[in-house]
Amino acid sequence: MNKKIVTLLCSLFLLSGCSGLFESEKTDDISSVTDEEGKISEPLDINTDVLNNPDTKYDPSVLLVKTSATSDSDDLTDDMKNLGIKSIKSIAPRSEWKKAALKEGIDALSVIKKFRNSGLFDMVDFDYIYDTEEVKEETTVTTSTIPTEIADYQKQVNVDKAWKYLEDNGKDAGGDSSVIVAVIDTGVDYNHIDLKQNIWINKLEIPGNGIDDDDNGYVDDVNGWNFVGNNNDPMDDNGHGTHVAGIIGAANNDIGVTGVAYNCKIMPIKAGNSSGYFNNSDIASAITYAYMNGADVINMSFGGTSVTMAVQEALEKAYSTSFLVAAAGNDACQNEPYYSVPVETVYPASFSFVDGVMSVNGSNYGSVFTNFDSIKENKIEYECFAPGEYISSTFPGNRYASLSGTSMAAPVVSGIAALLRSAVPEKKDFPSKFLMSQIINTSETQPICKYWNRKAMVVDAYKALTEAPKPDVSLYDWYTFDNKSISSKNNGDDNIDAGETVHIGVELMNRGGMAKDVTATIDVKRNGLDDAVDTYVTITTPTVKFSDIGTYSVRDAGKKMESDTVVDVENPFVFDVAENVPNNYQCDINIHVTWKNGLTSEDTT
């Protein structure tokens, strides 16, 4: 039986008077505008100060617009022309999102409100710009091959043991050739001697015939697509993407380096230009291309402090079929305000359905450059660490390079995910969230960091393949209700007042293996002391039982909804507030969660 206690569920202000209303202001804390799944519900510039962040970049000549119709029509209407649109193009076949190029002399910032008020579009957003997540000053390029024995960073995370385990169990040691890893980056040198045998081939496309044979919206996309140049040549003109691809899937051919998943296929998708910059419109297109063309894993070694709704929606769709990996960034910043260090919430790594990867050195010390997760088990997360310093890999022109950064740590995890998908190919039984839990929750290797959230570990490829993670259930969200339907003494003003009967609804999230017999209880003991029970609050329903909670799943207490608003829950905690409670009284409520391991009865901890 496992047990977790949250000593401060909330601080409730019990009021006998009225409360004022305050006009909301824009915030620089992105976490405050995310929903229960860590997603944003509307463009970031509406409620946050994202445009005042000096790190925020966007294309001033473009706006992204969403329409209800999933039409490929790129016809301009007169109303669109009058808004200042020069041309409009869908970001992907049958996508609701389109890229609206503005007429000369028109800046996106100056017209975005006009676009939003026009009634022509369901949503309008900026086309934010990201860059790669490598430490550029630590680059060493060589024309000579590098010894092919297993790399130190691979031993560090037990890749060699993972290879042996797969081989011993009748699998290809370097993963299965049917497993596809999409590398969304600056392109990939698909002619590199250490990569060419593992480059993905679109077998449904006939090379060079000028026809979209597979009807996927892209002509002659035999080896991927170039969304920067809008053509079928995803060749790397920067070097970053080729380096990332080699970490994942360089061939085991007695030449150069060997990738973590050296039998798996690399799908080259160019979304970054020669300078290493990525437009969100191209990223959304690339993500859509990847999952629509069968990518099992999508690696994204780039990021920025803003994100478009188009990218978020593309990732949500991709998550149903593809394991998503992204770099956490290299500015030594925390992702949420907690410590006295700068804050930088990097996307797409911060999404809860993307495995955000931080960096350690060869001794498992947190890299001095790595961004880090400051608060465990919440809605904005970087999930794990991987080696990211002085990683040797492929570089364009049959060369090799040593690079550092979370850009290098992310493909280590993507390679491990490819090995794991090779071992469990059935996506219906083993979806993306299963892979995430296996990779994140099986390792026991703690990073050595000044700032550590006491959750994220250094990945372990062997344990990801061989061990079942224990359940890890925690509080995810909570609500209070003082509806008039609960008690005749309630006034329904959403404030907790003297004499009222209050419902508390909670949501629990399991970030580990299957949990069963999940039960939550509450008390009002100050500091957990039995002799310090609050006398102004009487709990009448102290226990709520939840059904089993699967891996990386959220379970609520039965939400009652009205117009997309939670108005109560089916199974609430209930407490009464004393009539004589002082004004502005503060009460601590503790929640205790217990569960059993749903995968094995041998786990008695």
Side-chain angles (χ1 to χ4, degrees), residues 30-31 34 37-39 133 157 260 297-303 307 312 315-316 318-319 322-330 333-336 338 344-360 364 366-367 370-388 405-418 420-421 431-447 449 451-461 463-464 467 469-474 476 509-513 550-554:
I30 292 179
S31 64
T34 58
E37 295 180 349
K39 297 181 293 188
E133 296 296 354
V157 294
V260 173
V297 181
I298 299 177
N299 188 89
M300 298 169 285
S301 287
F302 50 77
V307 67
Q312 176 178 277
L315 287 168
E316 287 182 84
Y319 181 61
S322 308
F323 182 75
L324 308 174
V325 184
N330 305 325
C333 292
Q334 58 185 331
N335 61 344
E336 294 181 80
Y338 188 76
E344 184 177 272
T345 305
V346 172
Y347 287 97
S350 287
F351 284 125
S352 61
F353 42 87
V354 176
D355 190 349
V357 185
M358 300 165 279
S359 174
V360 291
N364 289 326
S367 299
T370 190
N371 288 351
F372 61 93
D373 191 286
S374 53
I375 305 171
K376 69 175 181 177
E377 297 175 342
N378 65 350
K379 302 172 187 178
I380 293 180
E381 292 281 354
Y382 307 142
E383 282 80 7
C384 62
F385 290 85
T406 55
S407 274
M408 285 63 251
V412 175
V413 176
S414 291
I416 293 172
L420 187 52
R421 177 54 75 202
S432 296
K433 61 184 179 181
F434 172 84
L435 301 191
M436 182 173 283
S437 183
Q438 288 297 126
I439 291 171
I440 293 169
N441 294 308
T442 54
S443 177
E444 296 178 350
T445 304
Q446 295 183 8
C449 304
Y451 304 109
W452 181 47
N453 69 3
R454 304 199 175 279
K455 171 67 177 178
M457 298 287 184
V458 181
V459 293
D460 186 314
K463 288 188 176 181
E467 295 190 4
K470 294 182 178 181
D472 184 15
V473 184
S474 59
Y476 191 65
M509 181 171 188
N510 178 21
R511 292 177 170 84
T551 183
Y552 269 84
S553 297
V554 175

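Computed from a predicted model, the values in this text were never measured in an experiment.
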Looking at Ser407, is its backbone amide N or carbonyl O close enough to the side chain of Ser301 to form a donor-acceptor pair, meaning the two atoms are under 3.5 Å apart? yes
Any donor-acceptor N/O pair, Ser322 side chain to Val297 backbone, under 3.5 Å: no
Considering all heavy atoms of both residues, which atom of Asp373 and which atom of Met358 are nearest to each other, and what is their separation? N-SD, 3.5 Å
Evaluate side-chain contact (heavy atoms from CB on, under 4.5 Å) for Ser432 paired with Leu324, printing each intermediate quantity in order. CA-CA 8 Å; Ser432 296; Leu324 308 174; over 6 Å; no
dist Met436:CE -> Cys384:SG (nearest 0.5 Å) comes out at 8.5 Å
Give a yes or no answer on whether the side chain of Thr370 reaches the backbone of Phe372 with a donor-acceptor pair at less than 3.5 Å. no
Criterion side-chain contact (heavy atoms from CB on, under 4.5 Å) on Tyr319 and Lys433, from CA distance to verdict: CA-CA 9 Å; Tyr319 181 61; Lys433 61 184 179 181; 3.0 Å; yes
If you take all heavy atoms of Lys463 and Gln438, which pair is closest and at what distance? O-NE2, 4.4 Å
Qualifying residues under ring pair (Phe, Tyr, Trp, His ring centres under 6.0 Å), relative to Tyr338, sequence neighbours excluded: none
Please evaluate residues Val459 and Ser443 with respect to the criterion side-chain contact (heavy atoms from CB on, under 4.5 Å), reporting the C-alpha separation (whole Å), side-chain torsions for both, the decisive distance (0.1 Å), and the verdict. CA-CA 6 Å; Val459 293; Ser443 177; 5.6 Å; no
Side-chain touch Val554/Met509, heavy atoms, less than 4.5 angstrom: yes
Heavy-atom closest pair (Ala327 atom, Ala410 atom, distance to 0.1 Å) is N-CB, 4.1 Å
Would you call Ile439 and Phe323 a side-chain contact if the rule is heavy atoms closer than 4.5 Å? yes
Atom CG in Asp472, atom OH in Tyr552: separation rounded to 0.5 Å? 8.5 Å
Using distance alone, with no hydrogens and no angle criterion, decide if Asn510 and Ser553 have a side-chain donor and acceptor under 3.5 Å apart. no
Heavy-atom distance under 4.5 Å between the side chains of Thr442 and Asp460, does that happen here? no
Shortest non-hydrogen contact from Pro387 toward Ser359: C-OG, 4.5 Å
Euclidean distance, Glu381 CD relative to Ser350 OG, rounded to 0.5 Å: 9.0 Å
Please name the pair of heavy atoms, one in Gly513 and one in Ser437, separated by the smallest distance, quoted to 0.1 Å. N-OG, 3.9 Å
Tyr382 side, atom OH; Gln334 side, atom CD - distance, nearest 0.5 Å: 10.0 Å
Any Val260 side-chain heavy atom under 4.5 Å of Ile416 side chain: yes
CD1 (Ile380) and CD1 (Ile375) are apart, to the nearest 0.5 Å, by 9.0 Å
Validation row: Val325, Val357 side chains within 4.5 angstrom (heavy atoms): yes
Taking all non-hydrogen atoms of both residues into account, name the closest pair between Gly329 and Thr406 and its distance. N-OG1, 3.0 Å
Between Glu383 and Arg511, does any side-chain N to carboxylate O distance fall below 4.0 Å? no
Where the side chain of Thr551 meets the backbone of Phe434, is there a donor-acceptor pair that is under 3.5 Å apart? no
Taking the side chain as every heavy atom from C-beta outward, state whether Tyr347 and Gln312 have any atom pair closer than 4.5 Å. no
Are side-chain heavy atoms of Phe385 and Gln446 found at a separation under 4.5 Å? no
Would you tell me whether Asn441 and Lys455 have side-chain atoms, one donor and one acceptor, within less than 3.5 Å of each other? yes
Stepwise side-chain contact (heavy atoms from CB on, under 4.5 Å) check, Val458 with Val157: CA-CA 8 Å; Val458 181; Val157 294; 4.1 Å; yes
Counting N and O atoms only, with roles assigned by atom type, does the side chain of Ser374 sit under 3.5 Å from a partner on the main chain of Glu336, one being a donor and the other an acceptor? yes
Just verifying a value: how many Å separate Ile298 CD1 and Leu315 CG, rounded to the nearest 0.5 Å? 7.5 Å
